[in-house]
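Quick caveat, the model's predicted, so the values are computed rather than measured. First listed ligand is number 1; within each ligand, the first listed atom is number 1.
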Amino acid sequence: MNTSIKQISRYFILATLFIFTTPVLAKTQIEIDYDTASFKNEKLKAGNIEVAVSYDKKEEFDEVDNLRYQILYNGVPQITNGAYTRLTGGVFLQDLDGNGIAEVVVRTFSGGAHCCTNYTIYTLQNHQFMQTETGFLDGIGGTFQDLNKDGKIEFLTSDNSFLYAFSSYAGSFAPSRIYTFINGKFNNVTRQYPQYLKSRAWEMYQAFLQSKKEQHEVNGILAGYVAQKALLGEYEEGWKFMLANYDRTSDWGLAIYQEDREIDKYPDFPTALRAFLIQQGYLDKNGKPKMTYSKD
Ligand SMILES: [Ca+2]
Ligand SMILES: [Ca+2]
């Protein structure tokens, strides 16, 4: 045997050893979209956590849950549940809180033009699975990513209460919301990410310029912009910008409701916005910017 053949056979033996000793990475994610056909018992696994997922493709809502799943721990079934999801959704395993044990995240979509995504999260806390939900959120709802690269995942979404509040859906730009997932619960940590908030504020400013140029609605963008600036501790600056630029002809969002009945009207957009920012917890009850988030 000459040297090169010897070398090749050595590589071959090493490669064979490698293939047979490296475990195949288990699947940790199932994504469902319009093209996904029905499936049964697809398995996901991360560490001791396993999920078996079944899906029946259904375009219209009915009473039967078409996304069903069973969560197992050390091979023992712990939770069996299901939900309706319309042509998009998914299940994935990811360690959200960085404690070494994967959380199970289930994404469902209720259908409708802009509505609504819900994330259900199952987490093992003190040897028991706890269930948490984001509640229905606009569009795809949000994204899970590690914003500050500390091994714990943040949930990035926006304050959905701003949609339609002072403009149509397309004319609204909701301020940021950022959550961490600790001890099985979401915590609002939006203000701890000023860099991210700044880049969103810049996008809002650009959206405002574009809308103004095209003579579209601006109040919905300005409302979000003022709130975003408040989150950055720059409320006064945002408020001044809004005062100089708002559309005085629009009466969207000026009506005052009580138990779904219109009882009065705010005199102008700034007055309505101020009341809204107090109600949503961006300003305190005296209309002064808050240093931390709390809705009271
Ligand atoms: Ca975890
Ligand atoms: Ca993080």
Side-chain angles (χ1 to χ4, degrees), residues 23-31 42-53 67-83 89-108 117-135 137 139-160 174-203 227-228 230-233 291-294:
V24 178
L25 278 179
K27 196 169 158 179
T28 59
Q29 182 172 14
I30 290 172
E31 273 292 313
E42 279 211 28
K43 301 261 178 19
L44 303 178
K45 186 171 171 31
N48 298 333
I49 310 275
E50 274 173 274
V51 195
V53 184
L67 179 68
R68 293 181 307 279
Y69 46 91
Q70 182 171 61
I71 300 171
L72 301 93
Y73 183 61
N74 287 329
V76 181
Q78 306 285 329
I79 284 176
T80 304
N81 211 343
V91 180
F92 65 88
L93 291 171
Q94 189 170 17
D95 184 9
L96 299 180
D97 53 8
N99 70 347
I101 305 168
E103 273 66 49
V104 181
V105 184
V106 180
R107 176 170 69 88
T108 54
T117 296
N118 183 34
Y119 289 93
T120 306
I121 292 127
Y122 296 91
T123 177
L124 194 64
Q125 302 284 326
N126 301 321
H127 312 292
Q128 276 208 319
F129 276 94
M130 263 179 75
Q131 181 182 338
T132 312
E133 291 186 25
T134 59
L137 296 164
I140 66 147
T143 56
F144 288 88
Q145 50 178 284
D146 188 359
L147 259 189
N148 59 348
K149 305 275 179 272
D150 68 346
K152 294 172 189 170
I153 308 299
E154 282 73 45
F155 180 61
L156 277 61
T157 181
S158 63
D159 185 345
N160 281 207
S176 304
R177 277 274 173 92
I178 305 167
Y179 296 92
T180 50
F181 189 75
I182 303 171
N183 301 328
K185 289 198 182 87
F186 283 110
N187 290 280
N188 189 331
V189 290
T190 310
R191 288 169 188 261
Q192 294 172 20
Y193 294 89
Q195 276 314 108
Y196 176 82
L197 296 179
K198 264 196 191 118
S199 69
R200 280 288 280 191
W202 176 251
E203 287 170 27
Q228 190 82 359
L231 292 170
L232 278 161
M291 287 301 132
T292 56
Y293 177 84
S294 64

Query raised in the report: Is the Ca ion (ligand 1) less than 3.0 Å from at least one N/O/S atom of G100?
Result: no

Report task. Give a yes-or-no answer on whether the side chains of E154 and Y193 include a donor-acceptor pair shorter than 3.5 Å. Result -> yes

Query - Name of the D97 atom (N/O/S only) found closest to the Ca ion (ligand 1) - result: OD1

Query raised in the report: What atom name does the N, O or S atom of D150 nearest to the Ca ion (ligand 2) carry?
Result: OD1

Report task. Mind telling me whether F155 and F186 have parallel, tilted or perpendicular rings, with 30° and 60° as the class edges? Result -> tilted

Requested in this report: Of all N, O or S atoms in D146, identify the one at the shortest distance from the Ca ion (ligand 2).
Outcome: OD1

Query raised in the report: Of the backbone and side-chain N, O or S atoms of T123, does one lie nearer to the Ca ion (ligand 1) than 3.0 Å?
Result: no

**Report entry** Donor-acceptor contact present, side-chain N118 to main-chain G135, <3.5 Å
**Finding:** yes

Report task. Assess T180: does it contribute an N, O or S atom lying under 3.0 Å from the Ca ion (ligand 2)? Result -> no

Query raised in the report: Below 6.0 angstrom between ring centroids: does that apply to F181 and Y119?
Result: no

Query raised in the report: Hey, which N, O or S atom on D95 ends up closest to the Ca ion (ligand 1)?
Result: OD1

**Report entry** Main-chain N/O of G184 paired with T132 side-chain donor or acceptor, under 3.5 Å
**Finding:** yes

**Report entry** Side-chain donor-acceptor pair present, Q228, S176, cut-off under 3.5 Å
**Finding:** yes

Query raised in the report: Counting backbone and side chain alike, does K152 bring an N/O/S atom below 3.0 Å of the Ca ion (ligand 2)?
Result: yes

